[in-house]
Amino acid sequence: MNNYDVIIVGAGTAGTYFAYLLGKRGLKVLVIDKDKEKDLAKRLDIFHFTTESFARFNLPESKAGDEEFVSKFSYIYSRSALDNYEKKNFLEVSVMHLPLFIKRLRNKAIKENVEFKFATEFKDLIYDAKGRISGIETKDEKSYNARLVVDASGIPSVVRRVVKDPYMETFPIGPRDKFYVFLKYVKLKDPNIKIDMSLSWPYYKSWIAPQQNKDGAIVGVGANISVDYARKCMKKFEDSIKLPAYDLQYEEWGATPYRRPPYSFVSDGFLVLGDAACLTQPFNGEGITAAWVQSTPAADVVANALKDDKYPTKEALWPINVMYQTGEGALFAGQRALLVGAVNMSKEDNDYLYANGIIFKSDDEEVKGSVAGNLIKGVLKGKFSFAALRSLMGASSTGNKLTKHYKNYPTSPEKYFAWKKKADRLWKKAGSMADNVKDAD
Ligand SMILES: Cc1cc2nc3c(=O)[nH]c(=O)nc-3n(C[C@H](O)[C@H](O)[C@H](O)COP(=O)(O)OP(=O)(O)OC[C@H]3O[C@@H](n4cnc5c(N)ncnc54)[C@H](O)[C@@H]3O)c2cc1C
């Protein structure tokens with residue numbers, strides 16, 4: 001039996017970065033992953049990372065010449081459903097190869113004495129004589145002791161789902177809770193057209209973005225329910241919007257969680273991170289930095305909870321919940337509820353929002369009047385439907401209530417269940433993006 005301070009299940013971006021943070025704090029950390037090292041993160045090649053995040057998360061910026069680097073762009077564009085209006089927003093984005101980026105993170109963690117074991121699959125939790133989590137058993141019948149077990153296993157959430165504690169939600173992340181992302185890597189027929197920035201059509205949850213080949217692009221779509229439904233959405237998008245002519249190189253798909261995170265990330269001797277905790281951005285499903293916002297302060301809380309050989313109780317780990325839920329958690333809860341109402345409208349309604357800088361607005365655009373006032377004006381002029389107004393205002397009101405409720409997240413576990421009861425009521429009212437899907441069959 002080996003003894004560690006912390007065992008992390010999953011060597012993706014969430015587990016590897018957290019391991020690095022804990023290694024830096026002098027903790028003895030083991031990371032296991034079911035995949036072989038050479039296969040790790042192969043499911044996804046190109047990904048986007050806001051360039052300011054390098055400084056924010058204390059990592060050296062990836063530059064031309066680094067093996068993971070592909071390109072960089074500085075503006076993101078979005079267009080309306082009928083393709084009549086375009087918005088431009090400043091955002092510096094670095095485009096990189098995911099497996100090579102994780103390799104770079106892993107090397108940093110190894111320098112901090114973190115151990116990695118690949119081709120090692122989690123089987124179950126093990127408990128001490130007091131019934132507290134005290135490590136893990138793997139499928140090759142080995143046991144590893146640790147005072148803290150961290151679930152960073154992504155969508156399967158293999159550890160969170162077997163934690164026995166009323167404070168820990170054990171839900172699976174099913175088809176209604178996922179966004180299936182379907183990507184086509186394409187070569188453009190016209191060599192004069194270059195896709196060197198990201199252009200999205202939020203109405204279709206679709207986009208076109210750069211890839212490693214300068215004559216190429218990635219055409220993407222996200223949809224609940226299934227990959228087949230995402231393909232169907234891609235067809236609807238391409239039937240509606242004229243993209244530059246292309247030849248298909250290859251297809252890729254994956255899924256990202258698209259539901260509210262568990263209300264608590266901690267239990268006695270346990271913490272959940274990353275996709276396993278549904279920490280993704282409501283507007284685009286991106287999850288790498290969204291998860292690190294939780295793990296950066298969590299590393300300090302964990303180091304403190306483990307100091308002097310202490311056992312990390314739920315009470316000692318609770319500040320992780322408070323810090324996340326009152327910050328990014330509160331913001332994302334509001335956005336998630338708003339989105340359910342914002343996508344539930346016609347193409348004409350969506351064009352009206354773009355035309356008037358409502359929700360979708362360029363950096364340099366000045367909008368006169370309030371959102372509600374401009375929407376009502378649209379209804380009175382017959383340019384925005386009453387159904388869309390009702391849906392959007394309802395979603396916005398529920399979103400605001402959720403944000404306020406998350407900002408009042410209980411500072412200790414005692415008041416958790418009363419807080420949860422009200423949160424359940426608000427989420428029921430908010431509904432889910434999957435409720436908007438009417439044509440999946
Ligand atoms: C097509 C697509 C494009 C995306 N693009 C972006 C983007 O551009 N930018 C962005 O920020 N996000 C993007 N995302 C989301 C992002 O990829 C995820 O949010 C992020 O990678 C999640 O990291 P993670 O470490 O939590 O989980 P994962 O990356 O899923 O890692 C979990 C690890 O746990 C291991 N594991 C699972 N089960 C077990 C087990 N039983 N035992 C041991 N190990 C196990 C897995 O092998 C895996 O290596 C995209 C997602 C998709 C699907």
Side-chain angles (χ1 to χ4, degrees), residues 7-19 30-51 53 57 70 76 91 93-99 101-103 105-106 116-125 136-140 142 144 149-162 173 178-185 198 200 205 207 209-211 218-223 227 230 251-258 261 265 272-281 283-295:
I7 290 175
I8 301 176
V9 178
T13 47
T16 307
Y17 183 66
F18 195 58
L30 170 69
V31 185
I32 66 155
D33 201 290
K34 67 172 174 43
D35 287 348
K36 293 184 183 145
E37 185 170 1
K38 69 174 178 52
D39 297 330
L40 197 80
K42 280 278 167 67
R43 69 181 169 89
L44 178 63
D45 182 8
I46 300 293
F47 78 107
H48 292 170
F49 189 84
T50 46
T51 308
S53 296
F57 296 104
V70 175
I76 54 170
L91 187 70
V93 175
S94 297
V95 184
M96 292 181 279
H97 292 289
L98 186 63
F101 178 70
I102 296 180
K103 182 175 147 201
L105 289 177
R106 186 160 64 248
F116 285 83
K117 278 191 199 297
F118 293 97
T120 303
E121 194 165 346
F122 171 83
K123 183 175 171 199
D124 212 345
L125 284 164
I136 64 164
E137 196 185 332
T138 52
K139 290 225 166 129
D140 52 5
K142 293 202 173 100
Y144 301 91
V149 175
V150 177
D151 188 355
S153 67
I155 286 176
S157 319
V158 289
V159 195
R160 175 175 63 74
R161 296 195 54 207
V162 297
I173 303 172
K178 282 192 257 193
F179 226 43
Y180 293 87
V181 183
F182 174 56
L183 303 172
K184 284 189 199 174
Y185 284 70
S198 163
S200 67
K205 295 172 217 81
W207 62 92
Q211 54 141 293
I218 300 173
V219 184
V221 68
V227 191
E251 295 175 347
E252 203 174 76
W253 72 271
T256 173
Y258 219 71
F265 303 110
V272 59
L273 299 177
D275 275 11
C278 306
L279 293 178
T280 55
Q281 292 200 37
F283 275 93
N284 57 18
E286 291 185 359
I288 294 170
T289 53
W292 291 0
V293 169
Q294 181 224 34
S295 37

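Whatever order the structure lists them in is the order used to number ligands and atoms, beginning at 1.
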message: Under a plain distance cut-off of 3.5 Å, with no hydrogens placed, do Thr138 and Thr120 share a side-chain donor-acceptor pair?
response: no
task: Please report which non-hydrogen protein atom sits nearest to atom 11 (O) of ligand 1, along with the residue it belongs to and the distance in Å to one decimal place.
output: Ile288 N, 3.1 Å
message: If the cut-off is 4.0 Å to any non-hydrogen atom of Gly254, which atoms of ligand 1 fall inside it?
response: 53 (C)
- line: Separation between CZ (Phe47) and CG (Leu98), nearest 0.5 Å, reads 5.5 Å
- request: Mind checking whether Leu44 contacts ligand 1 via backbone (N, CA, C, O), side chain (CB onward), both or neither, at a 4.0 Å heavy-atom cut-off?
  value: side chain
- request: Salt-bridge test for Lys123 and Glu137: reply yes if a basic N is under 4.0 Å from a carboxylate O, no otherwise.
  value: yes
field: Where Ile155 and Asp275 come nearest, the two heavy atoms and their spacing
entry: N-CB, 3.9 Å
Thr13, portion touching ligand 1 at heavy-atom distance under 4.0 Å: both
- request: Could you tell me whether the side chains of Tyr185 and Glu252 share a donor-acceptor contact shorter than 3.5 Å?
  value: yes
query: In terms of residue, atom name and distance, what is the protein heavy atom nearest to atom 26 (O) of ligand 1?
result: Asp275 N, 2.8 Å
field: Part of Leu40 within contact of ligand 1 (heavy atoms, under 4.0 Å)
entry: side chain
- prompt: Considering only heavy atoms of Gly274, which atoms of ligand 1 have at least one such atom less than 4.0 Å away?
  reply: 26 (O)
- request: Let me know which of Lys142, Lys36, Lys139 forms a salt bridge (charged side-chain N to carboxylate O under 4.0 Å, His left out) with Glu121.
  value: Lys139
field: Region of Val9 engaging ligand 1 - heavy atom pairs below 4.0 Å
entry: side chain
field: Ring centre gap for Tyr17 and Trp292 strictly below 6.0 Å
entry: yes
statement: Looking only at protein heavy atoms, what sits closest to atom 6 (C) of ligand 1 is Glu286 CG, 4.1 Å
- prompt: Any idea which protein heavy atom is nearest atom 37 (C) of ligand 1, and the distance to it?
  reply: Ser153 O, 3.3 Å
task: Could you tell me which atoms of ligand 1, counted from 1 in the order shown, lie closer than 4.0 angstrom to a heavy atom of Glu121?
output: 40 (C), 41 (N), 42 (N)
query: Among all protein non-hydrogen atoms, which one is nearest to atom 9 (N) of ligand 1, and what is the separation to 0.1 Å?
result: His48 O, 2.9 Å
- line: So the atoms of ligand 1 within less than 4.0 Å of a heavy atom of Thr120 turn out to be 43 (C)
message: Looking at ligand 1, would Ile155 count as a contact under a 4.0 Å heavy-atom criterion?
response: no
task: Look at atom 33 (C) of ligand 1 and say which protein heavy atom is nearest, naming residue and atom and giving the distance to 0.1 Å.
output: Asp33 OD2, 3.5 Å
message: Closer than 4.0 angstrom, basic N to acidic O: yes or no for Arg106 and Glu37?
response: yes
Minimum heavy-atom distance between Tyr180 and Ala230, given as atom pair plus value: O-CB, 3.9 Å
field: Pro257 contact mode with ligand 1 (heavy-atom cut-off under 4.0 Å)
entry: neither
task: Using a strict cut-off of 4.0 Å, indicate which atoms of ligand 1 neighbour a heavy atom of Leu183.
output: 1 (C)
statement: Atoms of ligand 1 under 4.0 Å from any heavy atom of Ala152, numbered from 1 in the order shown, are 32 (C), 33 (C), 34 (O)
message: Taking 4.0 angstrom as the limit and counting only heavy atoms of Gly12, give me the atoms of ligand 1 inside it, by number and element.
response: 25 (O), 31 (O)
message: Counting non-hydrogen protein atoms only, what is the nearest one to atom 29 (O) of ligand 1? Give residue, atom name and distance.
response: Arg43 NH2, 3.1 Å
field: Subset of ligand 1 atoms that lie under 4.0 Å from at least one heavy atom of Phe47
entry: 7 (C), 8 (O)
